[in-house]
Each structure stands twice: as structure tokens, then as C-alpha cells.
Amino acid sequence: MAVDEAQSERRPGATLRASSISRSFEGVQALREVTLDVARGEVVGLIGPNGAGKATLVNVLSGFDRPTSGTVELEGRDVTGWSPGRRGRGGLSRTFQHSQAFRALSVRENVEVADHGVGAAVGEARSRTAEHLENLGLTAHADSPAASLAQGDERRLGVARAMATRPRFLLLDEPAAGLPEAEIPALSSAVRSVRDDSEVGVLLIDHNMALIMGICDRIYVLDQGRALAEGTPAEIRANLDVAAAYLGESAVQESEA
């Protein structure tokens with residue numbers, strides 16, 4: 001599906017939307033007129049080769065960077081000039097490639113701190129934290145120091161902390177990076193629970209194609225700062241331009257077979 005055709009089918013409202021985003025750094029064009037949207041209750045993938053502009057786009061969406069041109073809208077509000085904190089209070093949260101947890105605190109305390117940060121009372125924070133830990137498979141580690149967690153559990157803790165801020169939209173920045181394949185199904189289940197239990201719109205950025213293809217409703221592909229394609233996993237698999245740019249020559253040959 002062509003990018004412009006797909007975009008025309010999306011409706012404004014309960015969406016996170018980037019419109020015609022460009023970003024240049026000292027003459028280097030990192031993003032070129034990229035448009036993307038995520039609706040509540042869906043998981044949208046963002047893929048592309050290294051240097052395609054994925055990290056820059058996530059930083060622009062979350063307020064850690066400003067676009068050279070273009071706008072970011074959060075449920076119909078122009079938030080292009082908003083700080084990351086203000087966007088967080090407006091319903092947008094993100095995880096990071098490297099852990100942001102308080103390593104000396106327990107898993108439970110890490111999530112409770114995030115709940116308190118959005119004004120939850122003590123009892124409410126405890127109840128909500130227990131729910132997040134159960135949904136993300138972390139109950140058994142609730143009293144363990146965050147520093148003791150295995151990498152997969154640490155990634156899920158990042159998701160739990162982000163969910164504790166009560167987002168309507170969540171940006172997951174390479175949650176599968178460094179994880180063994182055996183831990184991908186548990187991560188997939190955690191992302192599904194975020195979408196299904198809380199009707200959160202999720203933008204999932206990752207290089208793990210099994211995760212992306214297995215869980216995403218739609219996928220955007222960036223290449224050299226441009227939006228190359230957008231569509232369902234099946235459409236992206238069948239797209240020869242995507243195969244050539246990202247999946248490799250073997251994928252092109254397989255698609256042509």
C-alpha cells in the first residue's frame with residue numbers, strides 16, 4: 001500500500017500523528033517529510049535499516065528533539081512545541097533503549113514511584129502497581145532489586161514504569177534489543193496486554209522482525225530518512241522495495257519466487 005493512500009484512510013481524533021516531519025543536523029537530512037500516525041488500541045511498527053531516521057523520529061514524537069519542519073499532534077492538539085514532560089502529562093510516554101530504572105529500588109518500588117509521579121495515592125499506587133506487574137509477568141520479581149533483573153525482565157520493567165504514567169500512547173524504543181529469541185514471546189504478550197487491557201496506542205520500534213511481524217497491526221518503513229512504505233505485515237513482507245532496502249536480497253528473491 002502506498003504511503004499517501006494509507007494516510008488518506010486514517011481519521012483524526014484519538015491518534016498520535018506526525019505530519020510532514022523533516023529534521024536536519026548541520027546539513028545532514030535525518031528525516032524528510034515523514035508522516036505517521038498511531039491510533040489508540042493498535043500496535044504500529046516502525047522499522048528500517050540503521051541510520052534510517054527511526055531514533056530521530058521517536059525523539060521528535062516524544063519531545064526530546066524538535067523538527068526542522070512539520071508538526072506533531074496528540075489527539076488533535078498541536079504539541080510540536082511541548083516539552084517531554086508536558087507531553088507525558090498529555091498522555092504520551094516512552095521507553096528507552098537503556099534502562100532508566102532506579103537500580104537500588106525494588107521492582108515494585110520502581111513502578112510505584114512512577115504511579116506517584118502522576119498523583120496516585122499510596123493505596124491506589126500499590127493496587128495499580130500490582131496490576132502492572134501481573135500483566136507484564138513481573139509479580140515474582142516484585143521485591144527484587146531492579147539491578148538484579150535479567151535483561152528481558154528489565155525491559156518489561158521499563159514498560160511497566162511507562163504504563164504507570166497512565167499513557168494513551170506508548171513509544172517502545174527497541175524493547176527486544178539484546179534479548180534471546182526465547183524471551184521474545186513473553187515480550188510480545190506484554191505488548192499485547194498493554195494494547196488490549198488499556199487501549200493504548202503503541203509505536204514499536206525494533207529490528208526483531210519476528211516481533212514486529214507477529215504483533216503489529218500496521219508497519220511503517222523508513223529508509224534514508226524517508227517513509228518508504230506503510231501497510232499490514234503481509235503487505236510489508238510482499239513489498240519488493242522494502243525487501244531491497246531492509247530485509248535483504250534473499251527476501252527479494254523469496255518474494256519473487
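Predicted, not measured: the structure shown is a model, and the values here were computed from it. Computed over heavy atoms, backbone and side chain alike; hydrogens, waters and symmetry mates excluded.
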message = Between E154 and R103, is there a side-chain heavy-atom distance shorter than 4.5 Å?
response = yes
query = Under 3.5 Å, is there a donor-acceptor pair between the side chain of T35 and the main chain of S20?
reply = yes
task = For residues V72 and R87, report the shortest heavy-atom separation together with the two atoms involved.
result = CG1-NH1, 4.0 Å
request  = Step by step, work out the salt bridge (charged side-chain N to carboxylate O under 4.0 Å, His left out) result for E33 and R226.
outcome  = CA-CA 7 Å; E33 297 289 321; R226 294 185 173 89; over 6 Å; no
message = Determine whether R161 and E112 satisfy the following criterion, salt bridge (charged side-chain N to carboxylate O under 4.0 Å, His left out), listing intermediate values before the conclusion.
response = CA-CA 8 Å; R161 281 169 48 82; E112 286 183 353; over 6 Å; no
ask   = Between CD of E109 and CG of D143, what distance do you get to the nearest 0.5 Å?
value = 8.5 Å
ask   = Residues in side-chain contact (heavy atoms from CB on, under 4.5 Å) with S189, at least two apart?
value = none
note = D153 meets the salt bridge (Lys or Arg N to Asp or Glu O under 4.0 Å) criterion, sequence neighbours left out, with R156
key: Working for side chain to side chain contact (heavy atoms under 4.5 Å, CB included), residues V194 and V159   = CA-CA 9 Å; V194 167; V159 177; 3.8 Å; yes
Set of residues satisfying side-chain hydrogen bond (donor to acceptor under 3.5 Å, both in side chains) with respect to S62, sequence neighbours excluded = R94
Rounded distance (nearest 0.5 Å) linking atom CE of M213 with atom CZ of R237 = 5.0 Å
key: S144 versus S148, closest heavy-atom pair with distance   = CB-OG, 3.7 Å
Working for side chain to side chain contact (heavy atoms under 4.5 Å, CB included), residues L204 and C216 = CA-CA 8 Å; L204 175 61; C216 291; 4.1 Å; yes
inquiry  = How close do L172 and T95 get, counting heavy atoms only, and between which atoms?
reply    = CA-OG1, 3.4 Å
message = If you compare all heavy atoms of I236 against all heavy atoms of A229, which two are closest, and at what distance to 0.1 Å?
response = CD1-CB, 4.2 Å
key: More than 12 heavy atoms of other groups within 6.0 Å of Q29 CD   = yes
query = With sequence neighbours excluded, what pairs up with S127 under the side-chain contact (heavy atoms from CB on, under 4.5 Å) test?
reply = none
note = Separation between CG (L203) and CZ (R218), nearest 0.5 Å, reads 9.5 Å
ask   = Between CG of L36 and CD of E230, what distance do you get to the nearest 0.5 Å?
value = 8.0 Å
query = With R40, which residues qualify under salt bridge (Lys or Arg N to Asp or Glu O under 4.0 Å), at least two apart?
reply = none
query = Under the salt bridge (Lys or Arg N to Asp or Glu O under 4.0 Å) test, which residues partner R23, sequence neighbours left out?
reply = D65
inquiry  = Treating T68 as the side-chain partner and S24 as the backbone partner, does any N or O pair qualify as donor plus acceptor under 3.5 Å?
reply    = yes
request  = Answer yes or no: does atom CZ of R192 have more than 12 heavy-atom neighbours from other residues, nucleotides or ligands under 6.0 Å?
outcome  = yes
note = CZ (R155) and CG (L187) are apart, to the nearest 0.5 Å, by 9.0 Å
ask   = At their closest point, which heavy atom of N50 faces which heavy atom of H207, and how far apart are they?
value = OD1-NE2, 3.2 Å
query = Do side-chain atoms of E235 reach the backbone of T232 as a donor and acceptor pair under 3.5 angstrom?
reply = yes
key: K54 (side chain) donor-acceptor with P49 (main chain) under 3.5 angstrom   = yes
note = Taken in chain and number order and not counting sequence neighbours, the residues that satisfy side-chain contact (heavy atoms from CB on, under 4.5 Å) with P67 are I21, V60, T80
Exam field: side chain R108 to backbone T129, donor-acceptor pair closer than 3.5 Å = no
Sub-4.5 Å side-chain heavy-atom contact between V34 and L31 = yes
remark   = Residues passing the salt bridge (Lys or Arg N to Asp or Glu O under 4.0 Å) test with D197, sequence neighbours excluded, are none
message = Is there a side-chain contact between S93 and L171 in this structure, where contact means two heavy atoms from C-beta onward sitting under 4.5 Å apart?
response = no
request  = Examine distances only and state if a side-chain atom of E183 and a backbone atom of P180 form a donor-acceptor pair shorter than 3.5 Å.
outcome  = no
inquiry  = Using the rule given for side chain to side chain contact (heavy atoms under 4.5 Å, CB included), can you reason through M209 versus I47, listing the C-alpha separation, both sets of side-chain angles and the distance that settles it, and then say yes or no?
reply    = CA-CA 9 Å; M209 297 307 295; I47 66 173; 3.8 Å; yes
note = In short, ring pair (Phe, Tyr, Trp, His ring centres under 6.0 Å) pairs touching residues 21-55 with sequence neighbours left out are none
inquiry  = Under the rule for side-chain hydrogen bond (donor to acceptor under 3.5 Å, both in side chains), what residues qualify as partners of S19, not counting sequence neighbours?
reply    = R17
request  = Start with the C-alpha gap between V44 and D217, add the side-chain angles, then the distance that decides, and say whether side chain to side chain contact (heavy atoms under 4.5 Å, CB included) holds.
outcome  = CA-CA 6 Å; V44 175; D217 302 296; 5.8 Å; no
remark   = So the ring pair (Phe, Tyr, Trp, His ring centres under 6.0 Å) pairs with at least one residue in residues 41-64 (sequence neighbours excluded) are F64-F96
inquiry  = For the CZ atom of R32 and the OG atom of S69, what is their distance to the nearest 0.5 Å?
reply    = 11.5 Å
With L222, the side-chain contact (heavy atoms from CB on, under 4.5 Å) member among L228, I205, L46 = L46
ask   = Judged by atom type as modelled, is there a donor-acceptor pair below 3.5 Å linking the side chain of D206 to the main-chain atoms of A176?
value = yes
note = Closest non-hydrogen contact found for P167 with A162 is CD-O, 3.4 Å
task = Would you please name every residue forming a side-chain contact (heavy atoms from CB on, under 4.5 Å) with R77, sequence neighbours left out?
result = L74, E75, V79, W82, R168
request  = Verify the distance criterion only: is there a donor paired with an acceptor across the side chains of E174 and N208 at less than 3.5 Å?
outcome  = no
ask   = Is it true that a side-chain atom of Y220 and a backbone atom of D37 form a donor plus acceptor pair closer than 3.5 Å?
value = yes
